[in-house]
Amino acid sequence: MNQGLKRIAAMMMALMLMLTGLSALAQAPAATEAEVFARGGRIKTETNIDVNPETLNGILAMFTGMSSQEGQDAQTAIINTVLDALRKLTVSVVTDGKTAYASVGSENGELFNFFASMGTEESFALTNLLPGIELSLPANLISSFTPQLEDAQNLFGGLSAYADVAMTFVNEELLAKSSLEEGSFALEGSGTFDSKVSLELRSHQVADMLDGMLKVFKEDKPMQEQMDTALKSGAVNAQAMGQPVPSSQEMIKELEKGVAGMKEAADQKLANLTLYTANESEAMHMEAEILSNETPAALLSVAVVPGVSGEDMHFSLLMPDTTAQTEGPVDWAAARQGVLSGTQPYATLFDAAFNKKTDEAANREEMKGNIDLYVMGINIGMVIDSGANISGDYASDGSFILSALGAGPLLTVTSKGYESKEEFAAPSREGLKKIALSEQMSEESGNEIMAALQTGLPQLIERLSTVLPEEGPMLLTILGSMMNPGTPSQQ
């Protein structure tokens with residue numbers, strides 16, 4: 001099977017898996033969804049996508065360097081038409097937890113649809129993009145994505161032994177050899193703390209901890225079985241890329257060799273750790289100055305600040321500009337300011353802040369997040385906002401906003417979920433050609449999918465003018481120009 005067909009097969013598989021779980025976009029508590037499904041209910045999720053044309057055109061102009069005003073105007077007209085069409089489309093998914101019906105369309109009609117059924121013994125998907133075809137996935141592949149609750153309970157129950165090793169390491173190796181200061185320590189963005197613990201992390205200490213973890217893992221048969229299952233689920237992709245598929249026993253041998261090598265090598269300081277705590281508020285702020293050959297390479301910061309109805313969590317990773325770095329300690333505050341001001345474009349900064357709160361009076365739980373990445377002078381930002389009812393009727397909503405290069409919002413995705421009585425019947429499977437979707441599809445199966453697409457895509461194009469009466473004709477003209485470059489298209 002050629003690489004093009006393999007890529008199509010992989011995309012189809014990813015799309016089928018994505019659509020069956022699309023209702024999770026609303027970020028609702030899983031227990032609430034389970035309650036709805038347990039009583040035979042359905043959940044409907046509606047998702048809309050909006051791309052800011054001004055921001056997108058500005059970014060494209062920066063990278064394409066198009067100098068002709070006529071060329072810029074033509075590009076802008078095409079982009080605006082496509083984005084206007086995208087803005088009017090809604091992705092709707094109705095699911096009962098086992099089957100799902102997804103459709104993409106507007107208030108004028110449906111553009112295309114998917115139906116998926118995910119079972120322990122049989123899983124399949126149908127779409128009007130592939131008329132006459134039923135796509136199926138092997139049951140063991142689905143089970144690897146959907147582990148049973150009992151398996152999860154056994155897995156997490158066994159983690160206590162690993163936690164014991166970690167706590168012993170922290171208490172006997174780190175805290176026992178640390179220095180404690182008490183007083184008032186004010187940290188910008190995190191608050192004031194009353195104690196400070198400073199310590200250093202060395203390579204032989206880490207080797208001893210890993211050795212302890214490895215001894216537990218060698219006796220942990222359930223964990224080994226879970227790892228083997230996970231490794232087997234990725235076997236198809238690994239084999240397709242020419243990579244061997246290891247077993248848990250082979251991984252144990254490799255880890256033993258790695259730990260032995262760490263112990264044989266000279267002991268090195270890996271990081272300077274500083275932990276700030278506040279007894280009354282139980283707030284915590286940790287900083288780790290990560291070293292490479294005794295030279296500062298990065299500063300990792302994590303802070304958890306509890307509040308009255310929730311908590312704030314901050315995460316930051318700062319890597320200095322090595323081209324301008326001098327010998328001696330790094331002024332991390334100056335490095336951070338240099339990234340934000342643009343004077344140190346070769347430094348890297350990743351910032352993430354999350355806030356979770358519960359409002360019992362409003363019967364609502366909310367989570368907000370802000371993520372910023374500064375790399376090579378480019379800024380990419382994300383804002384996540386979601387909420388759901390705590391009890392009573394199921395209801396959830398969420399939004400995701402992406403910005404780039406310091407411009408305004410580029411992409412906005414909004415979704416809402418609610419309990420629905422909308423019915424959807426499973427399409428008839430009679431007379432359909434059954435094709436198992438995998439990376440190892442035969443040439444014949446790949447050709448059958450391509451033949452179905454050659455029937456389904458023209459039907460999709462015919463529906464464009466009905467579903468999008470204003471943008472549809474223009475989109476057809478654009479498609480015609482792309483398929484026949486140099487040939488004038490007529491509307």
Side-chain angles (χ1 to χ4, degrees), residues 154-181 195-232 234 238 243-277 284-304 313 315-320 322 325 327-330 332 348 350:
N154 292 337
L155 180 62
F156 286 113
L159 293 180
S160 60
Y162 299 92
D164 290 342
V165 173
M167 288 306 299
T168 299
F169 171 74
V170 170
N171 291 326
E172 297 181 3
E173 285 293 327
L174 296 185
L175 295 180
K177 300 176 182 179
S178 65
S179 62
L180 172 65
E181 299 178 55
S195 66
K196 174 184 176 181
V197 175
S198 301
L199 50 97
E200 53 180 51
L201 183 66
R202 305 192 68 85
S203 59
H204 283 185
Q205 289 177 314
V206 174
D208 289 338
M209 184 190 68
L210 291 176
D211 196 21
M213 293 279 192
L214 193 55
K215 289 177 181 177
V216 176
F217 181 64
K218 290 170 70 173
E219 301 298 324
D220 191 348
K221 301 305 179 184
M223 181 70 79
Q224 292 176 29
E225 291 174 1
Q226 289 290 332
M227 179 170 288
D228 284 331
T229 299
L231 291 169
K232 289 177 183 177
Q243 298 175 352
V245 181
S247 67
S248 59
Q249 295 303 312
E250 290 171 331
M251 293 186 67
I252 288 175
K253 293 179 181 178
E254 289 299 317
L255 288 171
E256 287 178 331
K257 289 170 59 178
V259 169
M262 291 179 68
K263 290 183 176 181
E264 291 173 1
D267 191 22
Q268 289 188 347
K269 184 164 68 170
L270 301 179
N272 293 313
L273 305 180
T274 307
L275 176 65
Y276 300 87
T277 57
M284 180 274 291
H285 180 101
M286 186 272 289
E287 290 184 350
E289 185 180 47
I290 302 170
L291 308 177
S292 175
N293 297 323
E294 305 289 336
T295 302
L299 181 68
L300 173 66
S301 303
V302 179
V304 178
M313 186 182 79
F315 175 89
S316 177
L317 177 64
L318 175 59
M319 302 175 69
T322 56
Q325 187 174 333
E327 294 184 3
V330 175
W332 292 109
T348 300
F350 176 83

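Positions are given from 1 along the sequence.
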Take atom NZ in K263; do more than 12 heavy atoms of anything else shown fall under 6.0 Å from it?
yes
Roughly how far apart are S248 OG and K221 NZ, rounded to 0.5 Å?
8.0 Å
How many angstroms lie between CE in M262 and NE2 in H204, if you round to the nearest 0.5 Å?
8.0 Å
Keeping Q224 on the side-chain end and F217 on the backbone end, is there a donor-acceptor pair under 3.5 Å?
yes
Is a side-chain donor or acceptor of S203 paired with a backbone partner of Q268 at a separation under 3.5 angstrom?
yes
For V206 and L270, what are the C-alpha separation, side-chain angles and deciding distance, and is it a side-chain contact (heavy atoms from CB on, under 4.5 Å)?
CA-CA 9 Å; V206 174; L270 301 179; 3.8 Å; yes
Run V165 and V216 through side-chain contact (heavy atoms from CB on, under 4.5 Å) and show every step you take.
CA-CA 9 Å; V165 173; V216 176; 3.8 Å; yes
Using the side-chain hydrogen bond (donor to acceptor under 3.5 Å, both in side chains) rule, take E287 and W332 through it: C-alpha gap first, then chi angles, then the decisive distance, then the call.
CA-CA 11 Å; E287 290 184 350; W332 292 109; over 6 Å; no
Heavy-atom nearest pair, P320 first then V330, reads CB-CG1, 4.4 Å
Side-chain heavy atoms of V197 within contact of T274, under 4.5 Å:
no
Distance (rounded to the nearest 0.5 Å) between I290 CD1 and L317 CG
6.5 Å
Look up atom NE2 in H285 and atom CG in L275, then write down how far apart they are to the nearest 0.5 Å.
9.5 Å
A side-chain contact here means heavy atoms from C-beta on lying under 4.5 Å apart; do K196 and L180 qualify?
no
Heavy-atom distance under 4.5 Å between the side chains of E254 and K257, does that happen here?
yes
Return the set of residues passing salt bridge (Lys or Arg N to Asp or Glu O under 4.0 Å) with E200 (not counting sequence neighbours), or none when no residue passes.
R202, K269
Using the rule given for side-chain contact (heavy atoms from CB on, under 4.5 Å), can you reason through S179 versus L199, listing the C-alpha separation, both sets of side-chain angles and the distance that settles it, and then say yes or no?
CA-CA 7 Å; S179 62; L199 50 97; over 6 Å; no
Between E250 and S247 (side chain of the first, backbone of the second, donor and acceptor by atom type, cut-off under 3.5 Å), is there such a pair?
yes
CG of L273 to CE of M286: how many Å apart, nearest 0.5 Å?
6.5 Å
Measure the spacing between CG of L318 and OG1 of T348 and express it to the nearest 0.5 Å.
8.5 Å
Is it true that, when you exclude M319 itself, more than 12 heavy atoms of the residues, nucleotides or ligands shown sit nearer than 6.0 Å to its CE?
no
